[in-house]
Amino acid sequence: SPRPRRHRPRARRRTARRGPGRPRGRPPVGGHRAALTPGAAEPIHYKNNNPSNPQGRTTFVTDILDELQWRGLLAQHTDLEALRAHLAAGPVTFYCGYDPTAPSLHHGHLVQLIVMRHLQLAGHRPLALVGGATGQIGDPRQSGERQLQSTEVVKGWADRLRAQISRFLDFEGPAAARMVNNLDWTQEMSAIDLLRTIGKYFRVGTMLNKDIVARRIASDEGISYTEFSYQVLQANDFLELYRRHGCTLETGGNDQWGNMVGGVDLIRKVEGVDTHVMTTPIITKADGTKFGKSEGGAIWLDPEMMTPYAFYQFWLQVADEDVVRFLKIFTFKSREEIEALAVEVAERPHQRAAQKALAASVTELVHGREQLERVLAATDALWGGGDIRDLDEATLAAATADLPRASATIGESTVADALVALGFEKGKTAARRTISSGGASINNVKVADPEAVLRQEDVLAGGLALIRKGRKNLAVLELS
């Protein structure tokens, strides 16, 4: 999608003005920013629960923004030096919002969760906002109105998103994360409240000039007032989180830049306080196309919508030109580890060490160590030297979900019949010739007899058997 126009806020006061009802001389919740010289801050301590640092070794970064920039996780931002000083004077309370417009998060949301985790490991306090209110509207897309879901559906999806988000953040300790729901304050507002207390601070001309809004207005389908008003609700979220929790930083994707700076402007107008936003870039491949589509659609984080095996295989297929950059973005591996893997890509690309490290790291991050071990066992059994009989029914079903398949009858169907049924051979004569030359196997065991019949001993968990022609042609037999 086109890069949003860069917003350059006009010069603002360095100290916060008194908001309504705030005692004179007391800083707002979240504090005044200390007047620090850039680069003079103490090093930020990454806590010992850093996923890339399981042994608990102490890790330091001079500035968390430097780390995010090196990893390719920083695109647009409000005043960079002010933001740098604000984070160095921390801890800062920050938030990122996730709308339940689907029953699962996807790889794009994963980027935001990783940014939140980096900031939390640097000592800052995350607020994970699940949009129980904004999810009932949905932010405008590039084309076409979103289909509005019922309140019950949105609530169910919001519950699922909260469960997913909770696995990425730490909810205990001095930088404990907190879950928030914008339905808590949005549903309390009447239409009059919204227009009088929030709407009066928005200028229609500015709202119309937002890239996505302008594009939709110029399109045949246009844009409804419902989706047009989304930017007002998102800005109000930032204001409410500032008031309730002292939140002074919002993070999000680059496509949300316009909505995010709307919150900065609103807080400045209402409270007289400078706040910050920063965005991550839209992740693209080396050829410039958008990253993150599989044959089945989006790269979902929910194992019911995309199996851990399929998830692992997706990351395993990343191109050499992209893999080092994606290791920086999607994993918590150290610079030294990533630099070593970059050498592997340059000198031994055929071994795909970097892709294996990327796939394993992201799969473990999203699905946990146990699921990763099952995925690795299935991969080894299907394409390596592992024992296919060690796989349980669920893992085997997931690992073979995308393979071609055919039905066969135990005690009647022959291996040659199966090769023909799957399209591996055109006729039984060719199939028998393949078997006789040692080119066919059942469950990774070569078949020697060209007249071999499928037996009960060939049945794996779930009533399946794997048949292979050569090294690359693999399929599933559903046995009965």
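- The closest donor-acceptor contact from the side chain of Arg162 to the backbone of Met179 lies at 3.5 Å or more, if one exists at all.
- Checking Phe326, Trp315, Phe291 one by one against His107, the ring pair (Phe, Tyr, Trp, His ring centres under 6.0 Å) holds for a single residue, Phe291.
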| task | Apply salt bridge (Lys or Arg N to Asp or Glu O under 4.0 Å) to Arg243 and Glu271, showing your working. | result | CA-CA 9 Å; Arg243 287 170 168 171; Glu271 299 289 347; 2.8 Å; yes
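- The pair Lys269-Asp265 fails the salt-bridge criterion, with no side-chain N (NZ, NE, NH1 or NH2) lying under 4.0 Å from an Asp/Glu carboxylate O.
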| message | Between Leu105 and Leu110, does the side-chain contact (heavy atoms from CB on, under 4.5 Å) criterion hold? Intermediate values first, please. | response | CA-CA 8 Å; Leu105 300 174; Leu110 178 60; over 6 Å; no
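- Other residues, nucleotides and ligands place no more than 12 heavy atoms under 6.0 Å from the CD atom of Glu304.
- Looking at every heavy atom in both residues, Met278 comes nearest to Leu119 through CE-CD1, 3.7 Å.
- Atom CD of Gln371 is separated from atom OG1 of Thr307 by 9.5 Å, given to the nearest 0.5 angstrom.
- A distance-only check finds no donor-acceptor pair linking the side chain of His245 to the backbone of Cys247 [under 3.5 Å].
- Put simply, the side chain of Asp79 gets close to the backbone of Ala82: a donor and an acceptor are under 3.5 Å apart.
- Judged by distance alone, with hydrogens and angles left aside, the side-chain atoms of Ser361 form no donor-acceptor pair with the main-chain N or O of Leu358 at under 3.5 Å.
- Checked for salt-bridge contact, Glu321 and Lys285 miss the test: no charged N lies under 4.0 Å from a carboxylate O.
- Taking Glu373 as the reference, Arg369 meet the salt bridge (charged side-chain N to carboxylate O under 4.0 Å, His left out) condition, with sequence neighbours excluded.
- Note: Ile329 CD1 to Asp322 CG = 9.0 Å, rounded to the nearest 0.5 Å.
- Partners of Arg216 by salt bridge (charged side-chain N to carboxylate O under 4.0 Å, His left out), not counting sequence neighbours, listed by chain and number: Glu145, Glu227.
- For Thr289 and Asp287, the side-chain atoms include at least one donor-acceptor pair closer than 3.5 Å.
- Using a cut-off of 4.0 Å between Lys/Arg side-chain N and Asp/Glu carboxylate O, Arg268 and Asp274 are scored as not salt-bridged.
- Rounding to the nearest 0.5 Å places CG of Leu391 at 7.5 Å from CG of Leu382.
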| said: Could you walk me through whether Lys155 and Asp159 satisfy the salt bridge (Lys or Arg N to Asp or Glu O under 4.0 Å) test, starting with their C-alpha distance in whole Å, then the side-chain angles of each, then the deciding distance to 0.1 Å, before giving a yes or no? | reply: CA-CA 6 Å; Lys155 183 180 182 301; Asp159 291 340; 3.6 Å; yes
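- Residues His276 and His86 bring their aromatic ring centres within 6.0 Å.
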Review item, side-chain donor-acceptor pairs of residues 194-205, under 3.5 Å, at least two apart:
{"residue": "Thr197", "atom": "OG1", "partner": "Asp193", "partner atom": "O", "Å": "2.5"}
{"residue": "Arg203", "atom": "NH1", "partner": "Lys200", "partner atom": "O", "Å": "3.0"}

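- Partners of Phe238 according to the ring-ring contact (aromatic ring centres under 6.0 Å, His included) rule, which considers only residues two or more places apart in sequence or in another chain, are Tyr95.
- Here the side chain of Asn182 pairs no donor or acceptor atom with the backbone of Asp237 at under 3.5 angstrom.
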| said: Let's go through Leu121 and Arg117 carefully: what are the C-alpha distance in whole Å and the side-chain angles of both, what is the deciding distance for side-chain contact (heavy atoms from CB on, under 4.5 Å) to 0.1 Å, and is it a yes or a no? | reply: CA-CA 6 Å; Leu121 290 170; Arg117 185 62 174 154; 3.8 Å; yes
| said: Show, in sequence, the C-alpha distance, side-chain angles and deciding distance for Thr93 and Thr248, and conclude whether the side-chain contact (heavy atoms from CB on, under 4.5 Å) test is met. | reply: CA-CA 6 Å; Thr93 299; Thr248 53; 5.7 Å; no
| task | Assess whether side-chain contact (heavy atoms from CB on, under 4.5 Å) is satisfied between His106 and Met306, documenting all intermediate values. | result | CA-CA 10 Å; His106 55 66; Met306 186 176 195; over 6 Å; no
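- Residue Arg125 comes nearest to Pro91 through the heavy atom pair NH1-CG, 3.2 Å, listed as atom of the first residue, atom of the second, then distance.
- Heavy atoms only, all atoms of each residue included: Gly131 and Pro100 are closest at O-CD, 3.1 Å.
- Heavy atoms of other residues, nucleotides or ligands lying less than 6.0 angstrom from NZ of Lys328 number more than 12.
- Aromatic rings of Trp300 and Phe311 (six-membered ring for Trp) have centroids beyond the 6.0 Å cut-off, not under it.
- Between the side chain of Gln76 and the backbone N or O of Thr279, no donor-acceptor pair lies under 3.5 Å.
- Here the closest heavy-atom approach between residue Ile282 and residue Asp255 is recorded as CD1-N, 4.1 Å.
- Salt bridge annotation for Arg84-Asp66: present, with a cationic side-chain nitrogen under 4.0 angstrom from a carboxylate oxygen.
- Taking the six-membered ring where the residue is Trp, the centroids of Tyr312 and His367 are separated by 6.0 Å or more.
- Applying the side-chain hydrogen bond (donor to acceptor under 3.5 Å, both in side chains) test to Asp139 and every residue at least two apart in sequence or in another chain returns Arg146, Gln256.
- The backbone N or O of Ala175 lies less than 3.5 Å from a partner atom in the side chain of Gln120, making a donor-acceptor pair.
- Thr284 approaches Arg325 most closely through the heavy-atom pair O-NH2, 2.8 Å.
- Look at Glu67 and Arg335 and you find a salt bridge, because one of the NZ, NE, NH1 or NH2 atoms lies within 4.0 Å of a carboxylate O, short of that distance.
- Residues Pro281 and Ala75 approach most closely at N-CB, 3.6 Å, considering heavy atoms.
- Using modelled atom types, no side-chain atom of Gln355 and backbone atom of Val323 make a donor-acceptor pair closer than 3.5 Å.
- A heavy-atom distance below 4.5 Å is found between the side chains of Leu161 and Gln164.
- Applying the ring-ring contact (aromatic ring centres under 6.0 Å, His included) criterion to Tyr230, with sequence neighbours excluded, gives no partner residue.
- Separation of atoms CZ (Arg160) and OG (Ser104) is listed at 7.0 Å; rounding is to 0.5 Å.
- A distance-only check finds no donor-acceptor pair linking the side chain of Thr395 to the backbone of Asp392 [under 3.5 Å].
- Interatomic distance, OG1 of Thr275 versus CD1 of Ile267, reported as 4.0 Å (0.5 Å rounding).
- Counting only distance, with no hydrogens or angles, the side chain of Asp99 and the backbone of Thr101 share no donor-acceptor pair below 3.5 Å.
- Taking 4.5 Å as the limit, every side-chain heavy atom of Leu241 sits out of range of all side-chain heavy atoms of Glu250.
- Within the model, atoms OG1 of Thr280 and CG of Leu73 stand 7.0 Å from one another, a figure rounded to the nearest 0.5 Å.
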